[in-house]
Amino acid sequence: MNDILPDVSATWQLVESIVCDVIESYGYREIRLPVLEHTEVFARAIGDATDIVEKEMYTFRDRNDESLTMRPEATAGMVRAGITNGLFHNQRQKLWTLGPMFRYEKPQKGRYRQFHQFDVEAMGYAGPDIDAELIIMCARMWERLGLSRLSLEINTLGSPQTREKYREELVSYFSGVKSQLDEDSIRRLGKNPLRILDSKNPEMQELVAAAPVMTDYLDAESAAHFDGLKSILDAAGVAFEVNPRLVRGLDYYNLTVFEWITDALGSQGAVCAGGRYDGLVEKLGGRSTPAIGWAMGAERLVALYEACGGEAGNSAPDVYVVAAGDGAFAAGMKLAEQLRDVIAGLKVELNLGGGSFKSQLKRADKSGAAYAVILGEDEIARNEAGLKPLRTGEDQTSVALDELANALAERLKG
Ligand code: ATP
Ligand code: MG
């Protein structure tokens with residue numbers, strides 16, 4: 001679990017504001033969810049034979065002996081919240097959330113035990129138009145963030161019936177090569193053979209590559225849904241590749257699944273992943289509701305943003321107010337408040353704890369501020385302030401107090 005320090009969080013804020021902007025520009029509304037849910041919510045939704053439920057959840061008993069889990073992902077909680085609050089009754093919902101997720105994983109670059117996800121979900125939409133829109137939204141984000149080196153893989157898992165037929169084919173195939181399977185795969189063979197396709201063990205890759213593919217078992221309706229998605233993506237100019245091995249790590253998906261992958265971050269290349277989960281609302285106790293969503297890893301997104309040369313966020317103040325001498329602090333405080341009033345969003349740091357001009361200017365410089373505004377007894381007597389550029393080597397000038405906000409706004413714009 002990481003501390004995200006101020007220099008880094010400034011870049012996070014920048015990236016977050018762009019991502020949230022794009023999400024809301026498609027009509028999604030924010031929902032804020034608890035970090036804790038009853039363990040049952042995740043166990044039922046995500047599925048017993050998944051990495052998450054088998055070995056990654058932080059689960060504990062509370063003082064009332066109830067089993068609670070720190071959310072490993074957002075979809076299950078989002079669906080639970082929608083059912084609890086009646087959000088899906090004769091309504092369609094487009095929702096998003098952002099926050100920390102917890103998984104007991106082997107920590108490494110791009111893989112942490114507390115990480116953050118942007119999560120976007122649409123309930124009540126049968127698609128494939130919304131499937132495409134959710135993907136196109138990502139492409140717009142990459143563009144706004146200046147990201148390259150991302151590619152899109154899509155697949156369809158078909159209907160539950162297709163999946164059942166395919167499942168039988170897989171069981172028969174993998175049973176035939178059982179002696180070559182690793183321990184995880186043997187366990188999954190009985191419980192959920194599709195998950196063997198998601199194996200990360202390099203020794204399993206050859207067997208996985210030779211396994212039957214879902215697309216050969218697709219029913220007509222699922223095939224039409226998939227074709228619909230592909231033609232909307234084509235029309236929007238969003239390039240994709242069909243990867244028939246893409247099954248995703250969670251059990252609740254059907255029809256469309258997709259992943260945005262980068263080759264710029266080493267082995268943890270999945271930046272954003274999602275899919276359709278038409279059965280989940282009913283499975284968690286609600287009325288049958290079609291739904292689809294995606295989750296994006298914020299750590300990986302920020303890392304990719306940096307790898308693509310994205311501008312760093314700036315946590316420094318714009319202005320540092322230096323005030324020394326009799327009555328200067330009170331005047332400085334008044335001026336700082338005025339500047340905050342007049343220029344929206346201006347970051348003003350007022351010197352606190354006194355000190356000589358020299359020591360205050362040292363602090364001003366260290367703060368990273370672009371300008372120092374200097375108030376001494378002389379300036380106050382003349383109704384002026386000194387305006388000193390701290391980053392450019394330009395000379396200090398004197399500005400009338402009632403001109404100062406304008407002068408600053410003008411200079412900071414450039
Ligand atoms: P992976 O195959 O990398 O384990 P996953 O299939 O478990 O990913 P999802 O549950 O689909 O991942 O989560 C969506 C996104 O969240 C991932 O694409 C990734 O960007 C991010 N993510 C998942 N787990 C972690 C983690 N432990 N640390 C950082 N980011 C993560
Ligand atoms: Mg995982």
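Note that these values count all heavy atoms, side chains included, but never hydrogens, waters or copies made by symmetry. One-based numbering, in listed order, for ligands and for the atoms of each.
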query: Does the side chain of S175 come under 3.5 Å of the side chain of S172 through a donor N or O and an acceptor N or O?
result: no
Just list the side-chain donor-acceptor pairs under 3.5 Å for residues 285-297, sequence neighbours left out, or say none.
unit_1 : atom_1 : unit_2 : atom_2 : d
T289   : OG1    : R287   : O      : 2.6
W294   : NE1    : L134   : O      : 3.0

Ignoring angles and geometry beyond distance, decide whether V271 reaches within less than 3.5 Å of ligand 1 through its nitrogen or oxygen atoms. yes
Numbered in order shown, the ligand 1 atoms found under 4.0 Å of a heavy atom of G297 are 15 (C), 16 (O), 20 (O), 21 (C)
*asked:* I'd like to know if E143 and R140 make a salt bridge, using a cut-off of under 4.0 Å between side-chain N and carboxylate O.
replied: no
Atoms of ligand 1 under 4.0 Å from any heavy atom of G110, numbered from 1 in the order shown, are 28 (N), 29 (C), 30 (N)
The option among E105, K200, Q117 carrying the non-hydrogen atom nearest to atom 13 (O) of ligand 1 is Q117
Min over Q114, E56, R103, R300 of heavy-atom distance to atom 10 (O) of ligand 1 lands on R103
Among R111, H116, Q268, closest by heavy atom to atom 1 (P) of ligand 1 is R111
Logged contact type for L301 with ligand 1, heavy-atom cut-off 4.0 Å, is neither
Parallel, tilted or perpendicular: which fits the ring planes of Y166 and Y217, with parallel below 30° and perpendicular above 60°?
tilted
Given the options M70, M57, E73, R113, R103 meets side chain to side chain contact (heavy atoms under 4.5 Å, CB included) only with E73
Checking heavy-atom distances from atom 20 (O) of ligand 1 to each of P107, A74, A270, the winner is A270
Out of W260, F115, Y112, the nearest non-hydrogen contact to atom 31 (C) of ligand 1 is supplied by F115
Quiz item: Do you see a donor-acceptor pair shorter than 3.5 Å between the side chains of E203 and N201?
Solution: no
